[in-house]
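Inspection log for the structure reproduced underneath, given as structure tokens.
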Amino acid sequence: MTLHPLPEWEIPEQTAQIARASFPKGNMYMKMYDELGVLYQDVEFAGLFPAKCGQSAMSPGKLALITVMQFCEGLSDRQAADAVRSRIDWKYALGLELTDSGFDCSVLSEFRNRLCEHDLENKLLDLMLVKFQEKKLIKNRSKQRTDSTQVIAAIRQLNRLELVGETLRAALNSIAFVEPEWLRAMISDEWFERYSWRFDNYRLPKNKKEREELALKIGFDGHYLLHQIWFGNHEKVGLCQLESVEILRQVWMQQYTFDRSGLVWRNAEQTGLTPHSICIVSPYDIEARNSTKREINWTGYKVHLSETCDDSTPNLITNVETTSSTTPDGEITSIIHQKLANKDLLPQEHYVDAAYVDAYQLVESHQVHQVSLIGPVAIDTSWQANLKTGFDISAFIINWEQQIAICPQGNFSRLWRKARDCNQNPLIEVVFDRKTCASCPVRINCTSSSTAARKIKLRPREEFQALQQRRHQQQTSEFEQKYALRAGVEGTISQAVRRFDLRRTRYFGLAKTHLQQIATACAINLSRFFAWSNHLTPAHTRTSSFARLRVHAA
Ligand code: SF4
């Protein structure tokens, strides 16, 4: 394989001749090279390899391109290495001689490790986007849309009993590798019967009491092992450094606690369970989390895809965020904007669903990035808003300068004070006069209390005004028509899941899962660029004959 960092890869003449004869109209990889040039220069990945030890044996720029091409076709590392050796279109895109013998497939795995260790996963997409920007395929300050989907971790879903058993088994396996004699002296023969095989190979008890007894037995074993590692023998202090022992310690803290009777297995009723957002669900992928969204429960991660959505350019993915499955979408909005700002790819209008929008996001995106967040906000769910005749917050006139509110009866508020909600977000609490409210003829529409005065809670001024304005806007047909543009991102998610297997991660851990999502986004972008350069327009959503009848009738 060519080893030197050339400014541009030159395709060997023989390779070019045979490739053009084989693909007279070109294929996706040939078009990529012909129209975009070299996507990844070696210099961009120079930090991956130590300078003193010399140049990497493989060109990192080409390895980056092979990683993307691998995900274009869903190939394993071995299949990708074979494709480099045997396929003429791959040799053309990579600028390789026909006789090039390629490389061992393990190089790809090592390259991915280095990308993750150096936080360079995003470079695969960022460098590709620079090429698209140069070709003016991404408009400056235009429209983009974002949506998320679940990603299933590459682990088996374990119940709590299997989790503690499997965690202890994983720790025993690691210790048996580094300190076999020490471990043999520490444990009884019973341990071999209990922890020699995968825990789901056992017929675990179905009875609740028996399950608790087994969980407690495993708990005592794990606690005994941790005690021996930390306090039993000072010469074995190195065992504390083992990753599987640290995972054992964390899982035991999450799954067990102590009360007066000693060690107990946590339960929801008495001791409380560890929150899903921090609870380890498998010793083999400690960053995966269990989450539920509506009726879907999954263990793994969540990916957020942002794409352009202009009429005259292909819809290209501009940003990929991979998070824990329990991270709310609303926490990602400002992160996406900051990442897009760093790439000089901020849109003018950003179309998202309700999970990404709240009053704070509306104000912050506009003030910091001058981005209009187009999406519905949560409606007012108070009983006053649900009751047609009720006085919800929109029925009050707020005078921000004088810090008073005027109720529908024309009465002024008595108290205006700063407060905080349960998440420590700032609020303003406004209280009316108790005596006035007590004698109010329309009190039944305003407050459910027979004695207390009406209180209202307001967001800070900008947020309150943005929220009220959006609640009003989202009921209009103009907003509905405009917001319809967001729905197109569902097609992108569908393409990513069905064609590129986005929903299943191949790897353990958040960083490598993110790398897979980035490579998948690059693959989608290349396929869309190829379709666009061949004048293939995206298909419109199909409508059934029966549904069309209604449109015609209207
Ligand atoms: S109950 Fe109090 S706040 Fe509500 S309308 Fe009557 S006077 Fe105004």
Side-chain angles (χ1 to χ4, degrees), residues 293-294 328-331 333-334 350 352-368 371-483 486:
K293 188 175 181 184
R294 296 187 203 104
D329 292 353
E331 286 183 15
T333 313
S334 51
H350 190 187
V352 288
D353 65 27
Y356 291 90
V357 192
D358 72 1
Y360 174 80
Q361 306 290 358
L362 285 171
V363 174
E364 200 237 10
S365 59
H366 184 69
Q367 286 183 349
V368 179
V371 173
S372 299
L373 207 53
I374 312 290
V377 290
I379 56 167
D380 186 349
T381 53
S382 65
W383 67 264
Q384 291 97 334
N386 290 334
L387 200 70
K388 272 190 180 171
T389 52
F391 298 155
D392 63 17
I393 215 159
S394 63
F396 292 77
I397 298 166
I398 313 295
N399 188 325
W400 292 92
E401 280 75 27
Q402 294 181 22
Q403 299 192 341
I404 49 170
I406 305 168
C407 76
Q409 286 294 92
N411 295 314
F412 286 38
S413 59
R414 184 178 59 80
L415 195 66
W416 177 287
R417 66 184 170 207
K418 288 182 180 171
R420 291 201 175 260
D421 67 10
C422 54
N423 295 323
Q424 294 305 306
N425 296 317
L427 281 179
I428 293 158
E429 197 172 67
V430 181
V431 186
F432 285 81
D433 183 58
R434 191 163 63 86
K435 280 186 187 163
T436 314
C437 288
S439 58
C440 176
V442 288
R443 177 186 181 85
I444 195 167
N445 295 331
C446 195
T447 173
S448 54
S449 167
S450 56
T451 52
R454 173 71 194 264
K455 279 184 197 166
I456 55 174
K457 287 180 180 166
L458 308 174
R459 298 274 205 143
R461 184 174 183 170
E462 287 87 5
E463 292 179 27
F464 176 82
Q465 288 171 340
L467 190 65
Q468 295 303 318
Q469 191 184 12
R470 180 55 51 88
R471 278 181 179 158
H472 174 71
Q473 279 174 350
Q474 68 196 34
Q475 287 171 352
T476 63
S477 58
E478 290 82 29
F479 182 88
E480 202 177 311
Q481 280 173 11
K482 190 173 185 179
Y483 183 59
R486 190 214 69 90

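Just follow the structure's listing: the first ligand is 1, and inside any ligand the first atom is 1.
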Would you mind checking which non-hydrogen protein atom is closest to atom 5 (S) of ligand 1, with the distance to 0.1 Å?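 Answer for atom 5 (S) of ligand 1: Gln409 CG, 3.6 Å.
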
List the closest protein heavy-atom neighbour of atom 6 (Fe) of ligand 1: residue, atom name, distance to the nearest 0.1 Å.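 Result for atom 6 (Fe) of ligand 1: Cys440 SG, 2.4 Å.
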
Cys407 N/O/S atom closer than 2.8 Å to atom 8 (Fe) of ligand 1: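 Given the 2.8 Å cut-off, Cys407 counts as a ligand of atom 8 (Fe) of ligand 1.
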
Is it the case that over 12 heavy atoms from other parts of the model lie below 6.0 angstrom from the OH atom of Tyr360?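 Not more than 12 within 6.0 Å, no.
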
Would a 4.5 Å heavy-atom cut-off, applied to side chains only, mark [X] and [Y] as touching?
{"X": "Ile398", "Y": "Gln465", "value": "no"}
{"X": "Val352", "Y": "Val357", "value": "yes"}
{"X": "Phe391", "Y": "Cys407", "value": "no"}
{"X": "Ile379", "Y": "Gln474", "value": "yes"}

Any idea which atoms of ligand 1 are less than 4.0 Å away from a heavy-atom of Asn411?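 So the atoms of ligand 1 that pass are 7 (S).
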
For Arg454, the ligand 1 atoms whose distance to one of its heavy atoms is below 4.0 Å: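 Atoms satisfying the 4.0 Å criterion: 3 (S).
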
Check whether any N, O or S atom of Cys437, backbone or side chain, sits closer than 2.8 Å to atom 6 (Fe) of ligand 1.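 Coordinating: no.
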
Cys446 backbone or side-chain N/O/S under 2.8 Å from atom 4 (Fe) of ligand 1: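 So Cys446 counts as coordinating atom 4 (Fe) of ligand 1, yes.
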
Over 60° means perpendicular and under 30° means parallel, so tell me whether Trp400 and Trp416 are parallel, tilted or perpendicular.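 Trp400 vs Trp416 ring planes: perpendicular.
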
